[in-house]
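I have placed the structure first, in the form of structure tokens, so that the comments after it can refer back to it.
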Amino acid sequence: MPPSSPVPPHARLTVRTISAAQHLDHVRSLESASFLQTPAWGEVKREWRRESIGFFADQELVGSALVLYRALPRVRRYLAYLPEGPLVDWADEDLGRWLTPMVDHLRSEGAFGVRMGPPVVTRRWTAAQVKEGIASDEVRRLGEVAPEERTVVGARVTGRLRELGWRPQAVEGGFAAGQPQYNFAIPLRDADGTQRTEDDVLRGMNQQWRRNIKKAAKAGVEVTSAAGPDIDEAGLSAFHDLYLHTAERDGFTPRPRSYFATMVSALAAEEPDRIRLYAARHEGELVGATIGIRVGSHVWYSYGASSSEKRDVRGSNAVQWAMIQDAIAAGAALYDLRGITDTLDSDDSHVGLIQFKVGTGGEAMEYAGEWDLPVNRAIYAAFALYLRRRG
């Protein structure tokens, strides 16, 4: 993620606390940034102490980050967590000049360790490659498939982080709320920056996706949406009821309605069109609902819910297509369907979700993942033991 303006190669960088307004101004100056690195996301994660920090070259703000602090039980020291951040120039060959002053600042705030998730892609696979991997009896993991691309920046970042003492992390329990390392997304601009059309995206989808979109339209499925300030209690409650139904059917632990109410309130206050609620109805009955988020040119499918009844009207395909159409109309560069597991084993229960996303014709992306730096090694060791005991 590049800074908003070039940073001279030998400029000394400093880090200090900034206001939410300064932070938001920097986010707005970027082509895109993770919604997890917006000031508003700190409002959503109320169980964490939050801080906005800025990276300065002289007096110019050239980078920013949302830091979430979680206290270790019975110890007034914190894990400092930067989800999908910080927003700095990851292509800079001298990452130390960005990360060293950041760590020094976080140490002064009581951090015993730092966890961050560089927003840097390391490998990409086409939808066709993922599909072939699923069909192969010899392939079990995405990493076993030769990628379409290995990025130079990704390789350099991961190598340099190791040299600087950072440790790659697997997602551990719920303590750090780890973000997915593998995502699936649909590019909405060609390599030369030309915006893709709806027909371009449809041609990239597989036959089943195109058929299901047409089937939903023929069945009379209607999709409506509301931007943040216009999302009312009735609409949010209808979404959450369907979401609870989906959680029970699919076996995951749902978030409470209050979480989504806070998300809508916080993100909508930051930008009116930051968050949007979509609803697909058939004959007046809610058959699918999703939450989409946009920052700059990046649009995310964040949460989804679907009815077990009337699956044949393809509400899930209809609501996704409506979100993609809106992203194209907004001039977005990427429609992000968020996380996938790295399993390609056709017998794995997760492979169905991957196949659903692969049908859109996008690409799978591996990010650098999350990395830890122990600041106080003794306390960090106790923290690691605490996580292991939690299971």
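Note that these values count all heavy atoms, side chains included, but never hydrogens, waters or copies made by symmetry.
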Keeping to residues at least two apart or across chains, list the ring-ring contact (aromatic ring centres under 6.0 Å, His included) pairs with something in residues 324-344.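 Sorted pair list comes back empty.
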
Determine whether the aromatic ring centres of residues [Y] and [X] are separated by less than 6.0 angstrom.
X	Y	result
Phe112	Tyr78	no
Tyr182	Tyr367	no
Tyr278	Phe239	no
Trp300	Phe35	yes

When you check the gap from the basic side-chain N to the acidic O, do [X] and [Y] get nearer than 4.0 Å?
X	Y	value
Glu109	Arg76	no
Glu283	Lys310	yes
Arg123	Glu148	no

First locate atom [atom1] of [X], then atom [atom2] of [Y], and finally report the distance between them rounded to the nearest 0.5 Å.
X	Y	atom1	atom2	answer
Glu51	Leu106	CD	CG	7.0 Å
Met263	Ile291	CE	CD1	6.0 Å
Glu198	Arg203	CD	CZ	11.5 Å

Quick one: hydrophobic cluster around Val152, which other residues, with the 4.5 Å side-chain cut-off, linked directly or via members?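 Cluster partners of Val152: none, it stands alone.
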
request  = Output all residues satisfying side chain to side chain contact (heavy atoms under 4.5 Å, CB included) with Asp345, sequence neighbours left out; order by chain, then residue number.
outcome  =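 With neighbours one apart ignored, the set is Arg140, Thr343, Asp347, Asp348.
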
